[in-house]
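Only one structure is covered here, and it is reproduced in the block below.
For reference, positions follow the sequence shown, starting with 1. Both counts, for ligands and for their atoms, begin at 1 and track the order of listing.
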Amino acid sequence: MHFGLHLEHACGGVCACTTCHVIVKQGDNNLSPMDDDEADRLEMAPGLTLHSRLGCQCVVTGDVVVEIPNWNRNYVSEGGGSMNLGDAIPLPKK
Ligand code: FES
């Protein structure tokens, strides 16, 4: 979020949920190492992969490419701040 990218974060970034789950596609070496709290919480994330991280727990030091899992995209979040539209299908016009 320090880089102006919106990512769901239901717990406010205190490692108490998994809504910020991302799958790192490139740039693993540009992320801080995973600590025990993140590893423990991440085990509860649906769709866990070997490249999963909790976005709120990573310190980014360079270029990183991540995928936000489809099931984790919140198309309508409270406050209207979430717009991870990805492969959303537009509703038909009336
Ligand atoms: S926002 Fe809850 S753990 Fe990252």
Side-chain angles (χ1 to χ4, degrees):
M1 296 196 67
H2 293 289
F3 294 100
L5 303 171
H6 183 80
L7 182 62
E8 291 300 322
H9 53 282
C11 75
V14 297
C15 203
C17 70
T18 60
T19 57
C20 63
H21 177 201
V22 296
I23 299 168
V24 180
K25 297 295 186 180
Q26 295 175 24
D28 281 325
N29 55 337
N30 290 327
L31 296 174
S32 58
M34 186 182 306
D35 65 18
D36 290 344
D37 287 343
E38 180 184 356
D40 289 347
R41 180 62 58 196
L42 199 50
E43 288 181 9
M44 300 175 186
L48 183 65
T49 76
L50 291 174
H51 300 282
S52 292
R53 293 294 303 264
L54 293 178
C56 75
Q57 300 300 301
C58 301
V59 177
V60 179
T61 59
D63 292 341
V64 176
V65 176
V66 300
E67 174 186 345
I68 298 172
N70 275 344
W71 51 263
N72 210 24
R73 295 177 185 161
N74 185 353
Y75 298 105
V76 182
S77 89
E78 293 181 37
S82 179
M83 293 272 89
N84 293 321
L85 294 176
D87 53 0
I89 299 170
L91 296 173
K93 293 185 180 181
K94 293 182 179 178

Validation: residues 12-28 side-chain donor-acceptor distances under 3.5 Å, sequence neighbours left out:
| unit_1 | atom_1 | unit_2 | atom_2 | d |
| --- | --- | --- | --- | --- |
| T19 | OG1 | A10 | N | 2.9 |
| H21 | NE2 | S52 | OG | 2.7 |
| K25 | NZ | E67 | OE1 | 3.1 |

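Here Q57 pairs with nothing under the side chain to side chain donor-acceptor pair (under 3.5 Å) rule; sequence neighbours left out.
By the criterion of a separation under 2.8 Å, the protein N/O/S atoms near atom 4 (Fe) of ligand 1 amount to C20 SG, C56 SG.
For H51 (side chain) and T49 (main-chain N/O), no donor-acceptor pair under 3.5 Å exists by modelled atom type.
Within 6.0 Å of CG on D36 lie no more than 12 heavy atoms contributed by other residues, nucleotides or ligands.
Among pairs with a residue in residues 14-24, none fulfils salt bridge (Lys or Arg N to Asp or Glu O under 4.0 Å), at least two apart in sequence or across chains.
Neither L54 nor I68 shares a network with the other; the hydrophobic side chains, linked directly or stepwise wherever heavy atoms of I, L, V, M, F, W or Y lie under 4.5 Å apart, form separate groups for each.
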